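Data block below; observations after.
Predicted, not measured: the structure shown is a model, and the values here were computed from it. One is the number of the first residue; the rest follow in order along the sequence.
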Amino acid sequence: MLEINFHPFKNLETDRLHLRRVAATDVMEIMELRGNPETMKFIPRPLVTNEEQAMEHFRMIDEKIENNTGINWAITIKGNPKLIGIIGHYRLQPENHRCEIGYMIMPQYNGQGIITEAIKVVLEYGFEDLKMHSIEAVIDPENYASERVLQKNGFVKEAHILENELWDGKFWDTVIYSILKRNFST
């Protein structure tokens, strides 16, 4: 079984991006991101509607890092510390050397290749630092933009599970994409 340790926290960089630890000072951006129906339309979770809920979300992110059960980074453009998205590894399965990657970005930054760029460095961290064997992404089958980003990064479709999650009176399908370490290239 893998030993997971996020301490000290490692910032990540790409040509354009700086991925840093999410901070309490990001609460307004968290509220903007998680409270936006456009950003959340494929995520079966409640909208964040106030600052306290955003702070709770931050505390959950921070606690997972402290407990070595998950890690998230604030996506920022180099030279500007403002959080424009969040990306990280969730649902760690150290016994299976597998985890899930998840991400979201403010709608005004869609279509600029930011998530594609961030995924590359987060995958590298997952395979090299965490020693994962495989990394999955769970998406809504109608989230075509996310599907394209995953395919650009070498993910392959593993499964389409029908109506496996009930949220807000609707049964949601789940599509699972994954990438194996041997198929990852930087």
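Checked against Asp26 for a salt bridge (charged side-chain N to carboxylate O under 4.0 Å, His left out), the options Lys82, Arg21, Arg20 give a single hit: Arg20. With Gln112 as the partner, the side-chain contact (heavy atoms from CB on, under 4.5 Å) test is satisfied by one option alone out of Asn110, Thr116, Ile114: Ile114.
Without hydrogens or angle criteria, Gln151 side chain to Val156 main chain gives no donor-acceptor distance under 3.5 Å. Gln53 places a side-chain N or O within 3.5 Å of a backbone atom of Thr49 that can act as its donor or acceptor partner. Distance alone, capped at 3.5 Å, places no donor-acceptor pair between the Trp73 side chain and the Val122 backbone. Without hydrogens or angle criteria, His57 side chain to Val27 main chain gives no donor-acceptor distance under 3.5 Å. Using modelled atom types, no side-chain atom of Thr174 and backbone atom of Ile161 make a donor-acceptor pair closer than 3.5 Å. Between the Asn67 side chain and the Thr69 main chain, no donor and acceptor come within less than 3.5 Å of each other. Asn68 places no side-chain N or O within donor-acceptor distance of the main-chain N or O of Lys64, the cut-off being under 3.5 Å. The closest donor-acceptor contact from the side chain of Asn50 to the backbone of Glu52 lies under 3.5 Å.
No side-chain heavy atom of Leu83 sits less than 4.5 Å from a side-chain heavy atom of Glu32. Using a 4.5 Å cut-off on side-chain heavy atoms (C-beta onward), Thr39 and Pro107 make contact. Here the side chains of Glu66 and Phe6 are not in contact, with every heavy-atom distance at 4.5 Å or above. Side-chain contact between Arg98 and Ser178 is present, with at least one heavy-atom pair separated by less than 4.5 Å. For the pair Ile30 and Val22, the minimum side-chain heavy-atom distance is below 4.5 Å.
Shortest non-hydrogen contact noted between Phe58 and Ala23 is CE1-C, 3.4 Å. Summarising the geometry of Met104 relative to Ile75, their closest heavy-atom pair is O-CD1, 4.4 Å, with the distance given to 0.1 Å. In plain terms, the two heavy atoms of Glu29 and Met106 that are nearest each other are O-CE, 3.4 Å. Between Ile71 and Ile65, the shortest heavy-atom distance links the atoms CA-CG1, 3.9 Å. Of all non-hydrogen atoms in Gly126 and Ile135, the two that sit nearest each other are CA-CD1, 4.0 Å. The two atoms that bring Leu150 and Ile139 nearest to each other are CD1-CG2, 3.9 Å, heavy atoms only.
Rounded to the nearest 0.5 angstrom, Asn153 CG and Glu117 CD are separated by 10.5 Å. Atom OG in Ser134 sits 10.0 Å away from atom CZ in Phe155 (nearest 0.5 Å). The line from NE2 of His7 to CD1 of Ile4 is 11.5 Å long, rounded to the nearest 0.5 Å. Remark: Lys78 NZ to Arg16 CZ distance equals 11.0 Å, nearest 0.5 Å. Within the model, atoms NZ of Lys181 and NE2 of His133 stand 10.0 Å from one another, a figure rounded to the nearest 0.5 Å. Here the CD1-CD1 distance, from Ile105 to Ile84, works out to 4.5 Å after rounding to the nearest 0.5 Å.
In this structure, Arg91 places its CZ atom where only 12 or fewer heavy-atom neighbours from other residues, nucleotides or ligands lie under 6.0 Å away. Counted within 6.0 Å of CD on Glu56, heavy atoms from surrounding residues, nucleotides or ligands total more than 12; the atom is thus considered enclosed. Within a 6.0 Å radius of CD in Gln108, more than 12 heavy atoms belonging to other residues, nucleotides or ligands are found.
Defined by atom type and a distance below 3.5 Å, a donor-acceptor pair is missing between the side-chain atoms of Tyr177 and Glu136.
Using a 4.0 Å cut-off between charged nitrogen and carboxylate oxygen, Glu128 and Lys10 do not count as a salt-bridge pair. In summary, Arg45 and Glu165 engage in a salt bridge, as defined by a charged side-chain N under 4.0 Å from a carboxylate O.
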Let me see the working for Glu38 and Lys41 under salt bridge (Lys or Arg N to Asp or Glu O under 4.0 Å), right down to the final yes or no. CA-CA 5 Å; Glu38 176 67 20; Lys41 74 179 170 186; 3.5 Å; yes
Run the salt bridge (Lys or Arg N to Asp or Glu O under 4.0 Å) test on Arg34 and Glu51 for me, step by step, so that the C-alpha distance in whole Å, both residues' side-chain angles and the decisive distance to 0.1 Å come before the verdict. CA-CA 11 Å; Arg34 304 264 327 168; Glu51 205 170 322; over 6 Å; no
Apply side chain to side chain contact (heavy atoms under 4.5 Å, CB included) to Asp173 and Glu163, showing your working. CA-CA 4 Å; Asp173 286 9; Glu163 299 182 4; 3.4 Å; yes
Before giving the answer on side chain to side chain contact (heavy atoms under 4.5 Å, CB included), spell out for Ile119 and Ile115 the whole-Å C-alpha distance, their side-chain angles and the decisive distance to 0.1 Å. CA-CA 6 Å; Ile119 285 175; Ile115 291 295; 3.7 Å; yes
Side chain to side chain contact (heavy atoms under 4.5 Å, CB included) between His160 and Leu162, intermediate numbers included: CA-CA 6 Å; His160 184 142; Leu162 300 175; 3.8 Å; yes
What do the steps show when you test Ile87 against Asn72 for side chain to side chain contact (heavy atoms under 4.5 Å, CB included), and what is the final call? CA-CA 5 Å; Ile87 189 167; Asn72 279 283; over 6 Å; no
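Taking the six-membered ring for Trp and the full ring otherwise, the centers of Phe42 and Trp172 sit at least 6.0 Å from each other.
Note on Leu130: it clusters hydrophobically with Leu123, by side-chain heavy-atom contacts below 4.5 Å among ILVMFWY residues. Under a hydrophobic-cluster definition in which Ile, Leu, Val, Met, Phe, Trp and Tyr are linked whenever side-chain heavy atoms come within less than 4.5 Å, directly or via other members, Val149 and Val138 are assigned to different clusters. Hydrophobic clustering, with ILVMFWY side chains joined whenever heavy atoms are under 4.5 angstrom apart, groups Met60 together with Met31. By the rule that hydrophobic residues join a cluster once side-chain heavy atoms approach within less than 4.5 Å of another member, Leu180 and Ile101 end up as members of separate clusters. One hydrophobic cluster, built from ILVMFWY side chains closer than 4.5 Å, cannot hold both Tyr144 and Ile176; they sit in different ones.
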